[in-house]
Amino acid sequence: MILMQYAIITGGTQGIGKAIAEKLLAEGFSVAICARSNDDLQKLENKWDEQYPSQPVICYQTDLGKKNEVLAFADTVLNKFPQIDILVNNAGIFLPGMLADEPDGQLETLMSVQLFSAYYLTRSVLAGMKKNQSGHIFNMCSTASLQAYPRGGSYGITKYALLGFSENLREELKPFNIKVTSIFPGATNTRSWADSGVAADRMMQAGDIADIVWASWSLSKQTCVESIVVRPVKGDI
């Protein structure tokens, strides 16, 4: 008998997060996702309940910029799922700007969604992972975590911070056989690029990132892919 496995994906109603959730469901996982749009969550819950009736699905409305809502999401999942095998800290927002003149509060907003939500949610699941001596945490960084670029502003700062979180977390969790993988996608055809004017075939597909997550998870238990940089074949945009 194949035992059920369980995953949490933040920002799971669109783009990379949705692609990862659907890949894991197709591979037999139960998944919990969160997002701000209740309509998007309800549509996916109905779709997935019909497609995967034997795999419990949690779709929970959450503003990941608010600590209390992140912790409420974590409590809901941990009360329903017996363990967490995969955590994907995927949620993020892109707000370009120059540090000198971007709107006041932009750094705080981006830090809350991109770093603090990952920090709070990860801390919530670690006790169970440590007890089981297993688990895999994926942090969705960005090529912006590796190289500053014009108008990167506070977005770039928070993505560098998420990389620092990943690397410290990995060192801390090695004794517990818990893997931490940082993924650095370049331009990917998601909703955030909808009004950019960039052709879809110039960018990567969200499903490519989902396949990378699955391949990394599927390796032997003694192997950890620490960092994955993936860009469009013609380079950054």
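- Remark: the backbone N or O of Asn177 is not paired with any side-chain donor or acceptor of Gln133 at under 3.5 angstrom.
- Phe165 pairs by the ring-ring contact (aromatic ring centres under 6.0 Å, His included) definition with nothing, not counting sequence neighbours.
- Of all the heavy atoms in Ala144 and Tyr155, the pair that sits closest is CB-CE2, 3.8 Å.
- Relative orientation of the Tyr60 and Phe73 rings is tilted, given thresholds of 30° and 60° on the angle between their planes.
- Thr122 and Asn89 are linked by a side-chain donor-acceptor pair at a separation below 3.5 angstrom, with hydrogens and angles left out of the test.
- Rounding to the nearest 0.5 angstrom, the gap separating the CZ atom in Phe81 from the CD atom in Gln5 is 12.5 Å.
- Counting only distance, with no hydrogens or angles, the side chain of Arg170 and the backbone of Glu226 share a donor-acceptor pair below 3.5 Å.
- Nearest heavy atom pair, residue Gly12 against residue Leu44, reads O-CD1, 3.7 Å.
- For Glu22 and Trp48, the side-chain atoms include at least one donor-acceptor pair closer than 3.5 Å.
- More than 12 heavy atoms of other residues, nucleotides or ligands sit less than 6.0 Å from atom OH of Tyr52.
- Shown here are the side chain to side chain contact (heavy atoms under 4.5 Å, CB included) partners of Asn132, two or more places apart in sequence or in another chain: Gln83, Ser134.
- Taken to the nearest 0.5 Å, the SG atom of Cys141 stands 11.0 Å off from the CD1 atom of Ile228.
- Ser166 and Val180 make their closest contact through O-CG1, 3.7 Å (heavy atoms, listed as atom of the first residue, atom of the second, distance).
- Inter-residue side-chain proximity for Leu107 and Leu99 is flagged as unmet; no heavy-atom pair is nearer than 4.5 Å.
- Considering all non-hydrogen atoms of both residues, Met140 and Ile16 come closest at CE-CG2, 3.9 Å.
- One finds a salt bridge joining Glu171 and Lys174 here, because a Lys/Arg side-chain nitrogen approaches an Asp/Glu carboxylate oxygen to under 4.0 Å.
- Contact record, Ile178 with Lys130: CD1-N, 3.8 Å, taken as the closest heavy-atom pair.
- Here the CG atom belonging to Leu219 is positioned 6.0 Å from the NZ atom belonging to Lys179, to the nearest 0.5 angstrom.
- Among all heavy-atom pairs drawn from Ile84 and Ile86, the shortest one is CG2-O, 3.4 Å.
- Between the side chains of Ser112 and Thr109, not a single donor N or O lies within less than 3.5 Å of an accepting N or O.
- Atom CG of residue Leu25 and atom CD of residue Gln51 lie 8.0 Å apart, to the nearest 0.5 angstrom.
- Between the side chains of Asn168 and Glu172, not a single donor N or O lies within less than 3.5 Å of an accepting N or O.
- With hydrophobic clusters built from ILVMFWY side chains whose heavy atoms lie under 4.5 angstrom apart, Ile9 does not share a cluster with Val77.
- Rounded to the nearest 0.5 Å, atoms CG (Asn189) and CG (Asp208) are 10.5 Å apart.
- For the pair Asp49 and Val57, the minimum side-chain heavy-atom distance is below 4.5 Å.
- Residues His136 and Thr181 bring a donor and an acceptor atom of their side chains to less than 3.5 Å of each other.
- Under 3.5 Å, the side chains of Glu102 and Ser154 contain a donor-acceptor pair of N or O atoms.
- Between the side chain of Ser145 and the backbone N or O of Lys159 there is at least one donor-acceptor pair closer than 3.5 Å.
- The structure places CZ of Phe184 at 12.0 Å from CD1 of Ile209, a figure rounded to the nearest 0.5 Å.
- At a threshold of 4.5 Å between non-hydrogen side-chain atoms, the residues Asp85 and Trp217 count as touching.
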Audit row: Ser37, Thr13, side chain to side chain contact (heavy atoms under 4.5 Å, CB included) steps and yes/no: CA-CA 8 Å; Ser37 170; Thr13 58; 5.6 Å; no
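- Without hydrogens or angle criteria, Thr190 side chain to Gly15 main chain gives no donor-acceptor distance under 3.5 Å.
- Between Val88 and Ile8 there is no side-chain heavy-atom pair separated by less than 4.5 Å.
- Residues Arg36 and Gln61 have side chains not in contact (no heavy-atom distance under 4.5 Å, counting atoms from C-beta outward).
- You'll find the side chain of Leu41 reaches within 4.5 Å of the side chain of Ile33, heavy atoms only.
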Step-by-step side chain to side chain contact (heavy atoms under 4.5 Å, CB included) determination, Met129 to Ile137: CA-CA 10 Å; Met129 285 187 172; Ile137 299 168; 4.1 Å; yes
